[in-house]
Each structure stands twice: as structure tokens, then as C-alpha cells.
Amino acid sequence: MTKFAEDFQGASEEKAFDLDHRRIINFNIGRYHTAVERGLSKLANLEASKRKAHVIKWKVMENLDKLLPEFEANFQRRGGKVIWANDAEEATEEILKIVRRSGAKTVIKSKSMTTEEIHLNEFLEEHHIESIESDLGEYIVQLLGQKPYHIVTPAMHLSKEDIAKLFHEKFGTPPDATPEQLTLKARELLREKYTSADIGITGANFLIADTGSISLTENEGNARLSTTFPKIHIAIAGIEKLIPSISDLDLFLPLLSTHGTGQNLTVYNTILGGPRQEGETDGPEEMYVILLDNGRTELLAHKEQRQGLYCIRCGACLNACPVYKNVGGHTYQTTYSGPIGSVITPHFKGMEEFKHLSYASSLCGKCTEVCPVKIDIHKMLLLNRRDAVKEGLSPKAETLGWKGWKRAMLKRSWMDMVGGKMKNLILKTFFKKSWGKYRDMPEVAEKSFSKQWKEGRGKM
């Protein structure tokens, strides 16, 4: 077992029995479910929309070699610059070059899981560049020195009392401050950062090939401020974020917002197509888009599992997953947690170290049911398990155990070779710790059903 797997098991056991954690998560996800149920009821023919989104993303993955150069050409036509990054190291080094060339000292960031993926804040801090998160949830977890807990709501694991305590300790606000007071304080603190930052860094919800632009969707306006005031704007996006046409936003924006927060549309929807043009009054003087691979082509090469790249990062599968709701986001120790994270992380970061995530699922299928682009998530988890076995990553004891079980199951006489007492002894000896720690072990009958059936027929 790898260290990541050991840490995951230990943290899962701790969180699963943390009643306060469960109370906060159940409350927050309960509110999400109520909002999403109301939002989905307003969508006409939801299944047709999901099927259409699935087909569009399928076409994108089958034509990435054509659509990525199309996006690049159209973006550069308006004065933007595209940087291709194979991995996190290349991406961060390219950002550092831009920072040093411009003499920048401060960076303002809007919420971006891609920047979390490449550990950008830590990298900039190492090079003495101040990097401030402007999304309220991201700002809160940054103040705590934590990673985002959830793809959409980074501070989902915190109650309003926790946040009031944090702001009281950091900024002297009243210990019983209301959410409105806390939001106003954050606004006061961040406003000056927007106007003084040298560089704004964002992610991209969608890359639009036919216009060479990026689409950002948000509720706070922080992304607009982060891209308007600084002289330089850098957008970092995975290569899978492409959609063919700007008209596709008519489908994807409502699907993303409704499945993400229950809204018909998020409050701010912005399309950016390069630096400030002649005659325009605001916008950056320079704009870069970094197209990040970082394991995505590895997943693309797996034809059966490349569906994982269709994900639009709505977070619906996390909120539906019974495992995620019990063990929480930090337990996964990955940028992308929950069911979709368990699908893509072993391909992004290595099957050997992260195969255990594909087993962290009840396979109930709820994640597949709620996905707005109809990714067959629970099937992808099974395929990851299959690949891990094929690659010889299973422990020897597990491999031998399954071989013995298979042989016995295929031959009735092997199953009946020992009686119920011996089978119960085997269960208690080998499975008491792994299976029976929090459960009553099953009691196997002295005689199998097959034996009882044969004996019963003999008496007839």
C-alpha cells in the first residue's frame, strides 16, 4: 500500500466519525440539493440537453488536434499569446518568466482549480511574489493555509462560526459577525488588491475555438476585477476545456450553473478575447492563455476512460457521492476530489500511487445519474480498477486471494470442501481487521445451500 493510500484510509476513518464535520457538510450539501432540484425543474428536456452536451464534448476529444490550433490562431489574431505547457513545472516557469519580464511584485487570482493543480500560490511565494485569492471561499482557505475542499465551494467544510472566528483573529472583526459583515470586510480588504496588482491570473470555464476567446462564469465579480485592473492577464486552462463554438455556451452555461449551484445562470458571465483593443477603455495590455496538458493526453490515450475529460467542473458528482459526503474533500489529497477526481487523478498523477481512489466508491451510480454531460463515472472507476490489476499493481496477497476465490467459485466441490465452522474461522482470521472493524462479521451456515438441497431431495 502506498503512503497516499495509507493516508487516505487514516483520514477517511477520522472524518467518517467526526460528527461536527458531518453536520456541516450535510447542512451545506442539503441546501445545495434543494437549490439544484428547484433549478433543474426549470430546464426543459434536461436529458436531451445532457445528451447533446455529451456529444459535443465527444467531438471535441476526437478533434483536439484540430480545435486547439484553431483556438490558438483565433486568439493570437487579436493580439493574445498562447503558451503550451506539458506539465506543472513548465506552466509555472512560463508564468515566472512573464512576472520577471514585467517586473511584477503582486498577483491577484480569481478562483481556478487549474492553478491549484499546478500549486501556483506556493510557487509564487517561493519566488517572493505576493499572490492573493479574490474568490471569498478561496480567500478563506488561503487564510487558513488549506487547500480547497470542493471544486465549486472551496470552504464548504466551514460553518459561519468558523469563518467569523477566523476573521476575528486575522482582522479584528466581531467574533459573532454575520455573513454579510464578513463579506463586507473581505470586500474592503480585497478592493485595494485589485487596483494595485500587477498581474491578474484566472482559469477558464470554457475555451471557445471559433472565436479564440475564454469564457468565465462566477457569482462575485472577482474574475472581472482580476482581469480588468492589472496590466497583464494570464489564463490557465486544461486542454480539455475546449468547446467548438460560442453558440455552444447557450447549452453549457445553464448546465454548469444549474448543476453547480442551482442557479439558472451565474451572476457574471464574461467572454474575453485578447488584450485591450484600440478604442476600448479597460482590459489588460497583455493577455496570455496557458494550455495545460499535465496528464490529460495520458487519459486521452485511454479510449474507454477519456470520458473523464468531458467534465465541466460543476461539482454535482461530489455532492451526490455518499463516500465524499462522509470523508470530505481534503481526505483525497488531490486537486480534484470525489468521483470525477477518482477517475482522472490516477491518470494525471500515476495509477500506482492513486489507484486506491478508484476503490473509494460504493458504485451506487448516483454520480453518473447527476452528471450534466453524462459521463459514465462509476463505469470509469471500474475500468481504472481493471487497469490497476492488469498493470500488476495489486498486492500479491490480494492477487492470490482472488485466484483462490475464483477457482472455488467455479467448482462447487471446492466450495463445499470445508464446512461452515472452517469458513467462519477463515473470515475471523483474515478479514476481522479489514472488514470487521466496524461491522459484525457474517456467520456462514454449517452446510451450504447446495448440500442442504441435495440432502432434501434425497429424503423426497
Inset, instruction - Give a yes or no on this: more than 12 heavy atoms of other residues, nucleotides or ligands lie within 6.0 Å of atom CE of Met441. - result: yes
Inset, instruction - Using a cut-off of 6.0 Å, state whether more than 12 heavy atoms not belonging to Gln146 lie near its atom CD. - result: yes
[X]/[Y] ion pair, N-O < 4.0 Å:
X      : Y      : value
Arg23  : Asp20  : yes
Glu62  : Arg306 : yes
Lys147 : Glu122 : yes

[Y] versus [X], side-chain donor and acceptor atoms under 3.5 Å:
X      : Y      : value
Asn121 : Glu133 : yes
Ser110 : Asn222 : no
Asp416 : Ser448 : yes
Ser247 : Asp250 : no
Thr266 : Asn219 : no
Trp58  : Gln307 : no
Asn319 : His150 : yes
Thr202 : Lys109 : no

Inset, instruction - Check the angle between the aromatic planes of Phe123 and His127 and answer parallel, tilted or perpendicular using the 30° and 60° thresholds. - result: tilted
Inset, instruction - Assign the ring pair Phe206 / Phe252 to parallel, tilted or perpendicular, where the plane angle (0 to 90°) is split at 30° and 60°. - result: tilted
Inset, instruction - Establish, for the pair Arg22 and Phe17, whether the NZ or CZ atom is under 6.0 angstrom from the six-membered ring centre and no further than 45 degrees off its axis. - result: no
Legend entry - His302-His347 aromatic ring centre distance below 6.0 Å: yes
Legend entry - Ring-ring centroid check His356 Phe4, cutoff 6.0 Å: no
Legend entry - Contacts of Glu391 that satisfy side chain to side chain contact (heavy atoms under 4.5 Å, CB included) - sequence neighbours left out: Met351, Asp387, Leu393
